[in-house]
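These values consider heavy atoms only, across backbone and side chains, with no hydrogens, waters or symmetry-generated copies.
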Amino acid sequence: MAGVFDVQGFGVLSEWNGQFSSASADQAYQTMAALGSNSIELTVRIWTDTGTSNTVLAVPDKTESDASLLASFQAAQADGLSVVFKPNLSPLDGTLTSSMAPSDITAFFASYKAEIVHLATLAQEGGVTTFAIGNEMSCLSGAQYLPYWTDIIDSVRQVYHGQLTYAAATDEAYKVSFWNELDVIGVNTYPPLTTSENPT
């Protein structure tokens with residue numbers, strides 16, 4: 001299927017620190033490139049303690065370190081893959097991201113902004129092609145939160161000079177309030193590829 005789309009590749013989610021810069025990850029990047037990919041989406045986990053918490057955390061054993069992220073950007077690019085870098089916020093208590101309800105919205109967005117700007121700085125240092133400022137935060141992406149997102153986007157653009165996007169859930173995309181401030185509209189879709197148990 002090489003060449004069907006201008007940008008095509010795989011998405012990879014890290015579940016633990018060092019996963020992106022491991023030997024198996026390096027092998028996977030090479031395999032992806034050999035299959036005709038020209039891009040990879042690297043998704044790193046950042047956290048809150050609960051669905052109502054206001055502090056965004058990089059948990060040392062669960063969040064890729066700065067060094068691991070930079071090494072993974074370099075390894076993927078060495079294999080000819082452009083990098084889309086996407087932070088994925090999740091509560092540690094299992095609350096769905098789409099159901100988050102921080103108890104202090106201003107404090108939450110200040111903490112989120114600090115973490116996102118830090119990751120955007122790494123994206124710039126690592127030569128990342130596209131940076132996502134968030135992922136499927138549908139409860140927090142509507143019009144009432146636009147000033148917070150505008151502030152985040154403005155701050156990110158001061159440290160990162162590649163393409164900016166946001167990764168909306170399919171049913172969230174129509175209500176994201178800040179699309180016109182980004183370079184690329186991002187929508188995570190989950191279409192079934194087949195209903196056959198033995199597809200061709």
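Residues Asp66 and Glu125 have side chains not in contact (no heavy-atom distance under 4.5 Å, counting atoms from C-beta outward). A 4.5 Å side-chain heavy-atom check between Phe178 and Ile133 finds at least one atom pair inside the cut-off. The shortest side-chain heavy-atom distance between Pro91 and Thr97 falls under the 4.5 Å cut-off. With contacts defined as side-chain heavy-atom distances shorter than 4.5 Å, the pair Pro87/Glu115 does not qualify. Put simply, the side chain of Leu42 does not reach to within 4.5 Å of the side chain of Glu64, judged on heavy atoms. Taking 4.5 Å as the limit, some side-chain heavy atom of Phe10 sits within range of a side-chain heavy atom of Leu35. Residues Val184 and Leu182 are not in side-chain contact: their nearest non-hydrogen atoms beyond the backbone lie 4.5 Å or more apart. No side-chain heavy atom of Cys139 sits under 4.5 Å from any side-chain heavy atom of Ser98.
A continuous path of ILVMFWY side-chain contacts below 4.5 Å connects Ile185 to Leu146, so both sit in one hydrophobic cluster. Val128 and Val117 fall within a single hydrophobic cluster, where Ile, Leu, Val, Met, Phe, Trp and Tyr are joined by side-chain heavy atoms under 4.5 Å apart, directly or via other members. Linking ILVMFWY residues whenever their side-chain heavy atoms come closer than 4.5 Å, directly or via other members, leaves Trp47 and Ile152 in distinct clusters. No continuous path of ILVMFWY side-chain contacts below 4.5 Å connects Val159 to Val84, so the two sit in separate hydrophobic clusters. Both Ile116 and Ile105 are assigned to one and the same hydrophobic cluster, defined by single-linkage of ILVMFWY side chains at heavy-atom distances under 4.5 Å.
Distance check, rounded to the nearest 0.5 Å: CD of Gln158 to CD1 of Ile153 gives 12.5 Å. Considering CZ of Phe20 and CG of Leu70, their distance stands at 13.0 Å, rounded to 0.5 Å. Taking OG of Ser68 as the reference point, atom CD of Gln19 lies at 9.0 Å (rounded to 0.5 Å). With rounding to the nearest 0.5 angstrom, the CG atom of Leu81 is 11.5 Å from the OG atom of Ser72. Taking CD from Glu41 and CZ from Phe85, the interatomic distance works out to 11.0 Å, rounded to the nearest 0.5 Å. To the nearest 0.5 Å, atom CG of residue Asp26 and atom CG of residue Asp79 are 7.5 Å apart.
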Next on the checklist: For Val59 and Leu92: C-alpha separation, side-chain torsions, deciding distance, then whether side chain to side chain contact (heavy atoms under 4.5 Å, CB included) applies.
Outcome noted: CA-CA 10 Å; Val59 179; Leu92 288 163; 4.2 Å; yes
Item to check | Test log, rule side chain to side chain contact (heavy atoms under 4.5 Å, CB included), inputs Thr55 and Asp49 | outcome: CA-CA 8 Å; Thr55 302; Asp49 282 328; over 6 Å; no
Item to check | Asn135 and Leu89: CA distance, side-chain angles, deciding distance, side chain to side chain contact (heavy atoms under 4.5 Å, CB included) verdict | outcome: CA-CA 7 Å; Asn135 180 67; Leu89 179 65; over 6 Å; no
Next on the checklist: Between Leu119 and Leu69, does the side chain to side chain contact (heavy atoms under 4.5 Å, CB included) criterion hold? Intermediate values first, please.
Outcome noted: CA-CA 9 Å; Leu119 293 173; Leu69 287 170; 4.1 Å; yes
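Although no hydrogens or angles enter the test, the distance criterion places no donor-acceptor pair under 3.5 Å between the side chain of Ser65 and the main chain of Pro60. Judged by distance alone, the side chain of Thr31 and the main-chain N or O of Gln27 form a donor-acceptor pair under 3.5 Å. Counting only distance, with no hydrogens or angles, the side chain of Thr63 and the backbone of Ala58 share no donor-acceptor pair below 3.5 Å. Between the side chain of Asp183 and the main chain of Leu164, a donor-acceptor pair closer than 3.5 Å is present. Formation of a donor-acceptor pair under 3.5 Å by the Trp179 side chain with backbone atoms of Ala173 is found in this model.
For the 3.5 Å distance criterion, the side chains of Ser103 and Asn54 qualify, holding a donor opposite an acceptor. For the residue pair Thr50 and Thr52, a side-chain donor N or O sits within less than 3.5 Å of a side-chain acceptor on the partner.
In the displayed structure, Gln74 atom CD is contacted under 6.0 Å by at most 12 heavy atoms of other residues, nucleotides or ligands.
Taking each heavy atom of Gly134 and Met137 in turn, the nearest pair found is CA-SD, 4.3 Å. Residues Lys86 and Ala167 approach most closely at CD-CB, 3.6 Å, considering heavy atoms. The minimum heavy-atom distance between Ser90 and Arg45, with the atom names listed, is OG-NH1, 2.9 Å. Of all the heavy atoms in Ser53 and Pro102, the pair that sits closest is O-CB, 3.7 Å. Counting all heavy atoms, side chain and backbone alike, Phe109 lies closest to Leu140 at CZ-O, 3.8 Å. Annotation for Gly36 and Gln8: closest pair O-NE2, 3.7 Å, computed over non-hydrogen atoms.
Identified under the side chain to side chain donor-acceptor pair (under 3.5 Å) test for residues 164-174, with sequence neighbours left out: Ser141-Glu172, Tyr166-Glu172.
Using cut-offs of 30° and 60° on the angle between ring planes, the pair Tyr148 and Tyr145 is tilted.
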